[in-house]
Structure formats: C-alpha cells, structure tokens
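As structure tokens, the structure follows; a few thoughts come after it.
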Amino acid sequence: NHLSEIDVIVQAEGVKTIMGAPLRIGGRMVGALLVASRSRTVFPDEAVHVLEQMAAQTAIALEQWRLKQEILRLGDEVRATETNVELRLRELEDIVRLDERLMGSLLTATSAAGVLDPLSEAIGAPVALHDPNGALLSGGPPLPAEAFSAWEVRSAIGAAAQSGHAVGIRFGAASFMVAAASAGDEHLATLAVRGPVRAEHAVMLERASVFVSAILLFERSLIDADNRAKSVLFDDLGTARFGDRRAVEQNAERYGLSVHGANSVLVIPTAPVQRYQVMSAVREALAPAPAIVSLHGAHVCVIVGSKESGEIAKRVVTALSARKHVPLVGMATGTRGIDGIAPAHEQAHQVAAAQIALGWKAGYADAVQLGLAGMMLSGTSPAVVDELIERMLGPLIDYDARHNTQLLLTAWTYFECGTRLESTAAHLFVHKNTVRQRAERIDAILGAGWRTAPRSVDIHFALRVWRLREAEESSTDML
C-alpha cells in the first residue's frame with residue numbers, strides 16, 4: 001500500500017531501499033522506525049534484529065514521553081480545579097460578608113440608600129438606586145433619565161422584577177446591570193450598576209435587591225403607623241367633629257398647625273401604586289417644617305400651619321416632578337384655625353376635581369384662580385367639558401385652526417376687559433380698529449348676539465373654561 005505523496009518524496013530523495021519496524025505498546029501500534037538507503041540493498045538479519053530492538057526501545061521512550069505529558073496535563077487540571085474551588089470559595093465568602101453587612105442595615109435605622117455603600121464596595125463599582133419611575137433616589141452614576149422611557153430598559157427591569165435575577169442591558173454606548181426590588185407584583189425600586197458585571201457580582205446585586213425590598217416595606221409599615229395616627233387627627237379636623245376639642249388642639253399644635261390662625265390644605269390625586277412615593281416626596285419637600293401628610297380616599301392630603309398655600313404647592317409640585325410624577329394639586333387656605341380646615345379641605349378637593357374636569361395634567365391652583373367657571377365644573381366629566389366648549393365655541397375654534405387667526409383669544413380678552421375695545425387692544429398689543437374688525441368677523445361666525453346678554457354670559461363662561469383648559473402653567477393667566 002503506497003501513498004502517492006510519500007512516493008513523490010522517496011523518489012525526490014533517490015531512495016532505493018527501505019527497511020521498517022513497527023513501534024508497538026501493549027499490542028497498540030503507535031508509529032514506525034524506518035531506515036532508508038539510496039542504493040539497492042539487502043539488509044542482513046542482524047540489521048533487521050537491531051532495528052527491531054531499536055523500535056522497541058523507541059516505542060518505550062515515546063510512551064514514557066506521552067505518559068509524562070499526560071501527568072503534566074492532569075497536574076494542570078488539578079491545579080486549575082483547586083484554583084476554581086478557591087475562587088468559588090472566595091466568592092461565597094464575599095457574598096456571606098455582604099449578607100452580614102446588609103443584615104446589619106436591617107437591624108439599624110439605615111434607609112434603603114444605606115445598602116448602596118456595602119454593595120458598591122463589594123462589587124467595586126458605584127451602584128444607583130432608582131424609584132419605579134426612574135428618578136434617582138441615591139448613589140450613582142445612574143442610568144440616564146431618558147433611559148427609563150426606552151422600551152428595552154423598561155423590558156429589562158420588568159424581566160428582573162418577574163424573575164428575581166439581575167438583567168444586563170445596553171443603552172447608548174454603555175452597558176448596565178439592573179435588579180428589581182419587588183414585593184409580590186409591586187415594583188418598589190431598581191438597583192443599577194454600570195459596566196460589564198461578573199456573575200458573582202450579579203448575584204450580589206440580586207441579594208441586595210431583597211434587602212432593599214425588606215427595608216422599603218419596613219419604611220412603609222412605619223409610614224402606615226404614622227399615617228394611622230395622622231388620619232385620626234385628619235378625620236377630626238376634616239369633619240370638624242371635635243369630641244375633645246382641647247386634645248384635638250394639642251395634637252394639631254404638635255404638627256405645627258395654627259389653632260386660631262391660617263392653615264393651608266393641599267389635595268393631590270394619586271394612583272394607589274404611587275401613594276407611598278408621593279407621600280415620601282411631599283414629606284421631604286416640606287421638611288423640616290411640621291405638617292400633616294395623610295392618605296384620604298383617593299388622594300394625599302397635606303395640612304400646613306401657614307397661609308402661603310401657593311408657595312407650599314409650588315414646593316410640592318417641584319419635588320414630585322423631580323421624582324418623575326405628574327403632580328396635580330388643588331389648594332385652599334382656611335382662616336379660622338382648626339375650624340377652617342374642613343371647609344378648606346372640601347374646597348381644595350373641589351379644585352382638584354375641577355382641574356381633572358378641565359383636562360389638566362399637572363399644576364396647582366385654588367378656587368380664586370379657577371374662578372366661578374372652573375369651580376362649577378367640579379366633578380364634571382372631561383367629555384362634558386369638551387361638549388360644552390364645542391357647542392358654544394366650535395365654529396370659532398375651527399376658523400382659528402383653518403386660518404391661523406386668534407379670534408378665540410380676542411373674544412376672551414374682550415370679555416375680560418369689560419367689553420372695552422381700547423383695553424382689549426392694549427392687552428393684545430394691536431390697534432383698536434384691528435379689534436373692531438376681529439369682533440365683526442366673530443359676529444359673522446357666531447352671530448351678532450354673542451356680545452349681548454343673555455347669550456354673552458354663556459359665551460363668556462365657555463371662553464373662561466376654554467382658557468382654563470389651555471392653561472399650562474401653575475396658575476391661570478387671567479387679566
């Protein structure tokens with residue numbers, strides 16, 4: 001049996017005679033020992049015997065070399081196994097040490113943010129704590145604010161909340177690992193660390209999320225206990241039923257309320273899943289001033305011993321906006337001490353209901369800012385408000401939209417200025433004749449009776465409602 005490539009080599013070397021002996025170990029052939037000659041030769045028996053002996057010795061040498069290599073390989077594997085075991089042991093020791101430190105945070109007054117220091121130290125990278133809306137609560141560097149609006153980030157956090165495992169994501173050019181702190185189906189917070197994360201560090205992130213959940217639930221239980229005490233006082237103040245007036249007055253003073261002076265009341269409509277976050281943000285915004293922040297029905301109620309309800313509402317809206325909430329606040333001021341709190345709460349509740357009816361998404365206002373037009377809509381469906389505006393002002397709205405004019409604004413300003421052309425022109429920064437021409441155009445669209453009673457009352461009411469609907473600032477832009 002000849003191999004063509006070997007034949008080519010043999011011919012090139014001019015080989016005429018070849019003698020070979022197999023290399024065998026335990027009946028297993030491992031090679032061959034060859035002797036070649038460039039002349040025709042008949043090898044004597046002694047040469048054949050010597051070659052066979054040499055082949056036997058060579059086979060033994062080759063087997064010893066193979067066994068030595070096998071021993072070296074097995075030694076490397078044993079050492080690698082020992083190294084892996086040692087590394088795994090170190091990882092478990094690190095996790096145990098982290099657990100001990102995190103357990104300590106449960107036994108002290110540490111907040112959820114207190115978990116971040118030992119966790120960051122164990123992982124060797126900064127860790128951020130975000131609320132469910134993505135607002136940064138503590139630590140960093142955080143995921144960018146816009147990341148929490150990206151579907152891939154929301155999907156990853158949702159997967160982490162469902163599975164209980166840390167999930168890796170990429171946002172922009174950076175990579176992150178996130179773990180969700182959850183209680184049942186409720187997402188409480190998100191832990192995030194930037195950069196590639198080793199498997200053992202992902203486990204630490206997962207374990208830390210459990211401790212964060214426990215701390216947040218404990219904080220919630222404290223809030224509930226505090227809220228129960230405040231709710232009892234709020235029920236007394238909100239209904240003006242004072243069984244023991246002196247005791248109610250003492251409790252009110254303990255929370256900084258004015259027994260005989262002015263108190264501000266804020267009503268914040270809140271979804272059930274956000275109530276604890278809203279209450280926490282409001283308390284932080286008002287600190288260190290004492291106040292009652294309590295759940296009442298479907299809203300969070302705030303009572304502060306101050307007449308500056310607008311300034312207080314502004315601070316609350318700013319704090320909630322920073323937490324990624326969309327705050328809507330109705331406010332009122334009671335001026336008769338604790339006796340004025342119940343009517344102020346009812347009025348603030350009506351303001352909030354009117355804001356919802358007007359389609360407001362955010363902002364704060366009181367009854368004076370909304371006016372009669374706004375307060376009459378309290379509790380009304382937004383669809384009814386739409387129908388009212390469409391029925392009274394629909395042709396004017398359509399005309400403005402088609403011709404890019406400002407007839408609606410002109411009509412509203414005209415009524416707000418007492419139907420005086422000169423004042424209307426001054427507020428619109430146009431000539432009096434321009435206002436007259438616009439009024440005549442409105443006559444043609446709505447009919448001449450829009451400026452005279454009783455229809456003018458309906459039109460003015462609808463224009464006020466339209467203006468309130470269009471308001472985007474924290475107060476309405478009334479003249």
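Heavy-atom basis, side chains included; hydrogens, waters and symmetry copies ignored.
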>> So, applying side-chain contact (heavy atoms from CB on, under 4.5 Å) with V178, which one of I169, L191, V193 is it?
In response: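 Result: among I169, L191, V193, I169 is the only option passing the side-chain contact (heavy atoms from CB on, under 4.5 Å) with V178.
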[X] side chain to [Y] backbone, donor-acceptor under 3.5 Å:
X: S163; Y: A159; answer: yes
X: D400; Y: L408; answer: yes
X: Q369; Y: D366; answer: yes
X: T270; Y: R275; answer: no
X: E206; Y: A166; answer: yes
X: H460; Y: S456; answer: no

> Which heavy atom of Q355 sits nearest a heavy atom of A365, and at what distance?
Replying inline: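 It is NE2-N, 3.4 Å.
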> Is the closest basic N to carboxylate O distance between E152 and R170 below 4.0 Å?
Replying inline: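 So E152 does not pair with R170 through a salt bridge.
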> Going by an N to O cut-off under 4.0 Å, is there a salt bridge joining E311 and K314?
Replying inline: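 Salt bridge flag = no for K314 with E311.
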> Can you pull the salt bridge (charged side-chain N to carboxylate O under 4.0 Å, His left out) pairs that have at least one residue in residues 387-398, sequence neighbours excluded?
Replying inline: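 The answer is E387-R391.
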>> Run the side-chain contact (heavy atoms from CB on, under 4.5 Å) test against F148 and tell me which residues pass, sequence neighbours left out.
In response: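 By the side-chain contact (heavy atoms from CB on, under 4.5 Å) rule, F148 matches H130, L143, I157.
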>> Suppose we screen for side chain to side chain donor-acceptor pair (under 3.5 Å). Which residues come up paired with R336, at least two apart in sequence or across chains?
In response: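 By the side chain to side chain donor-acceptor pair (under 3.5 Å) rule, R336 matches no residue at all.
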> If we only count heavy atoms from C-beta on, is the I459 to F415 side-chain gap below 4.5 Å?
Replying inline: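 Yes - at least one pair of side-chain heavy atoms lies under 4.5 Å apart.
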>> Within the 4.5 Å heavy-atom criterion, are H345 and V267 side-chain neighbours or not?
In response: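 Result yes, sub-4.5 Å side-chain heavy-atom pair found.
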